[in-house]
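The chains referred to below are lettered A, B, ... by the order of the sequence lines, with proteins before strands, and numbering in each begins at 1.
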There are 2 protein chains.
Amino acid sequence: MTILPRRSRLTGASSSDRGLPNATVARLPLYLRALTQLRSQGSQTCSSDQLAESTGVSSANVRKDLSHLGSHGTRGVGYDVDHLRAEIAQAIGQTQDWNVVLVGAGNLGTALAAYPGFTSRGSRIVAVVDADPARVGEQVGDLAIESIDHLETIITERAVSIAIVATPGQAAQTVADQLVGAGVTSILNLAPVALRVPEGVDVRQVDVAAELQILAYHEQRKGHPREEAEVSR
Amino acid sequence: MTILPRRSRLTGASSSDRGLPNATVARLPLYLRALTQLRSQGSQTCSSDQLAESTGVSSANVRKDLSHLGSHGTRGVGYDVDHLRAEIAQAIGQTQDWNVVLVGAGNLGTALAAYPGFTSRGSRIVAVVDADPARVGEQVGDLAIESIDHLETIITERAVSIAIVATPGQAAQTVADQLVGAGVTSILNLAPVALRVPEGVDVRQVDVAAELQILAYHEQRKGHPREEAEVSR
DNA sequence: ATATGTGAACCACTTCACAGCA
DNA sequence: TGCTGTGAAGTGGTTCACATAT
């Protein structure tokens, strides 16, 4: 009756498991960003306080996170920027680029295809695919839009394992099914629907409109003077 | 030495506090989405299992979340779609639109300006602002780009309290300072930097490149024949 | 029979506080 | 002295399981 059995597997980091806590994994990219910045400023070493400052994470949390990677700091000194960077890059698999296929060449899709921040952070969009035959061949950044019918070939030949879904909501589930069928095992979903995928496929959801709604909730509670003009004093 | 004293305010929902748990707030938009969909399919009522199915949240969690809004279901039957929708809309302040200013008319900014999903979900972009004088006047969707120098006027005159920052990383903090100075109290930050804002200002961060890095981590782990982990949130 | 609402148990994560080490 | 690394305590959130209501 309930949604899913949801295998109660060993989630945490059990002894022989090299896995990191999910919350830690989600923050490693932030540390990487901060370290890259620090390095470009010439810093050789940094403290957990500095990392805290530039990521918004508490310093105790920074230390705990980094300790999961092993001990790489020097007491009384801090962390070696280059070494830590390499360590984190290694942990999250950024020693090489990941090939990504982008599905959906609408406004959002084309904006992402042009975004330079992916390449510098470990992901390379190697194909832009759209369902509309009229769009096929059109240039987006330095890629030509390809037909969604070629998904399987694209995915296998270009060693793609991660996909970005930037289609309208009603197309997203179908696209996801095709992607999974073609061998994709990680999906970043920008469409405002929950995707149903088989066990073993990871989905991360980004929904900008929902984020605004969350902000609106807090805004409402602040009693923001939005209607002050109408309220008599 | 550590980062901040971080006033230990009553975070949870204390008795006289109408506040909801953060995790619940973050899911209300999902329920709203699902209910809108269900209603358009003609459903009069729905169960927590149906909501679970269409949001990816467990049914127990759905019930717990909804119970925070008060008891609005009927045992043995489920929830009245329209009534629940109204209840949630009320709770997250979607009974009317929130005016939003978008800063940064680059690829991502213009894509968001054209996105129809905001209006239908409680947010209306009422201004697009850019720092580049050459872009001012240019049409984006049905808005003309305005100068960032007019931020304060725009924000006060159009009753804006929420902003989207879609600028390059190095400009984001300056823009955030300007926004806060002009009276904005909620920021959705799409730039890949942590924003420093005063107490009372809410920031939500969306970083697509970081999401891909998180997926890459799990992807890397799948490479080895070990039991795979499930990604959350 | 069916589905909600909820205390209690459980779990993941964060923070605290200090021991350990350069 | 200064900063890391980490057990222990604390917090918030999820899941369980069942009493409760229709």
Here the distance between atom P of D:dC3 and atom CG of A:Leu66, to the nearest Å, is 16 Å
Distance below 4.0 Å between B:Ser47 side-chain N/O and C:dA3 OP1 or OP2:
no
Can you tell me how far P of C:dG5 sits from CG of B:Leu69, to the nearest Å?
10 Å
As a test of understanding, state which of B:Thr167, B:Ile164, B:Leu190 forms a side-chain contact (heavy atoms from CB on, under 4.5 Å) with B:Leu108.
B:Leu190
Any A:Asn61 side-chain N or O less than 4.0 Å from OP1/OP2 of C:dT15:
yes
OP1 or OP2 of D:dG5 versus the side-chain N and O atoms of A:Tyr79: is any pair under 4.0 Å?
yes
From OG1 (B:Thr45) to CG (B:Leu84), nearest 0.5 Å
10.5 Å
On DNA chain D, nearest-nucleotide positions of A:Gly76 versus A:Lys64: which is more 5'?
A:Gly76
Phosphate contact (C:dT15 OP1 or OP2) by A:Ser58 side-chain N/O below 4.0 Å:
yes
What about B:Arg75, does its side chain sit under 3.5 Å from the base of D:dT20 through a donor-acceptor pair?
yes
Rounded distance (Å) that lies between atom P of C:dA19 and atom CZ of A:Arg63:
15 Å
Kindly point out which of D:dG13, D:dG5, C:dC13 is positioned nearest to the side chain of A:Ser71?
D:dG5
Please check: side-chain N/O of B:Trp98 versus main-chain N/O of A:Leu212, any donor-acceptor pairing under 3.5 Å?
no
Whole-Å distance between D:dG7 P and A:His68 NE2?
11 Å
Taking CG from A:Asp65 and P from C:dA12, how many angstroms apart are they, rounded to a whole number?
16 Å
Distance test, side-chain N/O of A:Arg27 to OP1/OP2 of C:dT14, below 4.0 Å
yes
Without hydrogens or angle criteria, can the side chains of B:Tyr31 and B:Asp65 be said to hold a donor-acceptor pair below 3.5 Å?
yes
Checking all strands, does B:Ser48 fall into the base, sugar-phosphate, or nothing category for heavy-atom contacts under 4.0 angstrom?
sugar-phosphate
